[in-house]
There are 2 protein chains.
Amino acid sequence: MTTRISSSSSRGRAYGGRSLDERRSKRRAQFVEAGIAVFGRDGFRAATVKSLCREAGLTERYFYESFANSEALFAEVYKTLVKRLEDDVVAAIDAAPAEPEATARAGLHVFFETMYRQPGTARILLIEIFGISGDIDRLYRETTQNFTRMLQELVGSIFALGEGSGTDARILSTGLVGSTIHIAMYWTLNRYGDPLEVVVESSLALYVAMARQSRAQDRA
Amino acid sequence: MTTRISSSSSRGRAYGGRSLDERRSKRRAQFVEAGIAVFGRDGFRAATVKSLCREAGLTERYFYESFANSEALFAEVYKTLVKRLEDDVVAAIDAAPAEPEATARAGLHVFFETMYRQPGTARILLIEIFGISGDIDRLYRETTQNFTRMLQELVGSIFALGEGSGTDARILSTGLVGSTIHIAMYWTLNRYGDPLEVVVESSLALYVAMARQSRAQDRA
DNA sequence: TACGTTTGACAACGAATAATGTCAATATGG
DNA sequence: CCATATTGACATTATTCGTTGTCAAACGTA
């Protein structure tokens, strides 16, 4: 232990024109981008701290400066990608005609387009997320719940899901979100062997069918 | 190398009243059961060869007698559980009234009941399966495809999915299967916080809605 | 009974990797 | 210019685990 405590002084001083906090958060961001690249390419299992550092162009010391372990970085990567996707989907929805089917189509289009254009993102969001740890499982569950809630609010009229015949609205929504996720997963694992538009329309058809079913029940 | 080749002789002789093949396949089966227990309890990542041997009551030598590595055992475990589930589902369907909705309900009931009564099985089939390796990903994709095909045949009339509006029947089926899988996953991760019957009915509602939608399209 | 087979307990070797530590080179502010 | 904060390359330590090998005891068969 040679560290000395200098009460006033130059600890945490500027470097390269940036404050300590700025440098730290820049390095942290570098690791998040490296994580997106490495986890998306090699998967979580095959990723090592060294490979993440190599990709980030930084050394282990700085990795542990920002993250307790690679699982913590993965959680951050996941949250970052979800946030970006969410922003894109919301933007597309806002730009679409204010009509339920068009809204849903616009959101689904951006979702599937992202999965297609960024296979690494697809791999992280759809596949790698599972089975890492209990904490990560919880993160997935919470994220999916948020997405389900968001869909319910945004395309509210489609989701006027009747409570008839012993069903539960939240479970129905979960099923619809699940159908979309699963179609995307299947599409990804099949190396995008179907045209984007067909995938979007097929996924959308499930929402539309459920909406009609609900309206039919309301009438009865 | 002290192994000598005795051409006629007692190599591969009986032991404990069982032939070599019988003993081998019994040991193999022990490892599969151990894998179900360990992978279901600890997950694939946390499972070691030693822990699998301890659970099986056998030593490493016999592990490598039957499997190249723990991934190979996992594949076998997965196939075994899928087969059992498939048999149970088919049996329930055969016993149900020969009417599409009742058939689908019976199948879904057995599916969700299995997930509820065997959380380890649920964990392996719904969560651990992802992100282990490219080979395992392929196994999942093929299994899901088979299940989709089976559902299409068994409840054929429900799946009279119209090809209208730019959709694809296989993708629609994938979406329906995905909704069920995802509801089960959600239910499992939420520690089975909803009543079984509500889960079954909600999952079923999506199939029913899609069927009505298809019939409506046929009429048009 | 005598021989080789089979079994199980456990040692041992090597590889990989997480996490921490060392040290010299460099940059900064006074 | 000097003291010190900062950085980066690399070493080190400790642990874990996969895989193969050793050996004695138990067993079956001729």
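Below, each value reflects all heavy atoms present in this structure, side chains not excepted, and no hydrogens, waters or symmetry copies. Convention: sequence-line order gives letters A, B, ...; per-chain numbering from 1.
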task: Identify, between B/A47 and B/G17, the residue whose nearest nucleotide on DNA chain D lies closer to the 5' end.
output: B/A47
- prompt: Of B/F63 and A/E65, whose nearest nucleotide on DNA chain D comes first from the 5' end?
  reply: A/E65
- prompt: Are OP1 or OP2 of C/dA18 and a side-chain N or O of A/Y64 less than 4.0 angstrom apart?
  reply: no
message: Nearest to the side chain of B/K50, heavy atoms from C-beta on, is which of D/dA26, C/dA12, C/dT26?
response: C/dA12
- line: Rounded to whole Å, CG of A/L58 lies from C1' of D/dT6 at a distance of 13 Å
field: Under-4.0 Å side-chain N/O to phosphate OP1/OP2 contact, A/R23 with D/dT7
entry: yes
Of A/T48 and A/R61, the one whose closest DNA chain C nucleotide lies more 5': A/T48
message: The test is side-chain contact (heavy atoms from CB on, under 4.5 Å); show your working for A/Y186 and B/R170 and say whether it passes.
response: CA-CA 11 Å; A/Y186 174 85; B/R170 199 187 311 153; 3.5 Å; yes
Residues B/R149 and B/E86 bridged, charged N to O under 4.0 Å: no
Closest to side chain of B/R27, choosing from C/dA19, D/dG8, C/dT7: C/dT7
task: In whole angstrom, give the distance that lies between atom CG of B/D42 and atom P of D/dC17.
output: 12 Å
query: Between B/S203 (side chain) and B/V199 (backbone), is there a donor-acceptor pair under 3.5 Å?
result: no
Proximal nucleotide (of C/dG8, C/dT6, C/dG29) relative to the B/Y15 side chain: C/dT6
- prompt: Counting distance only, does the side-chain N/O of A/Y192 pair as donor-acceptor with the main-chain N or O of A/M115 below 3.5 Å?
  reply: yes
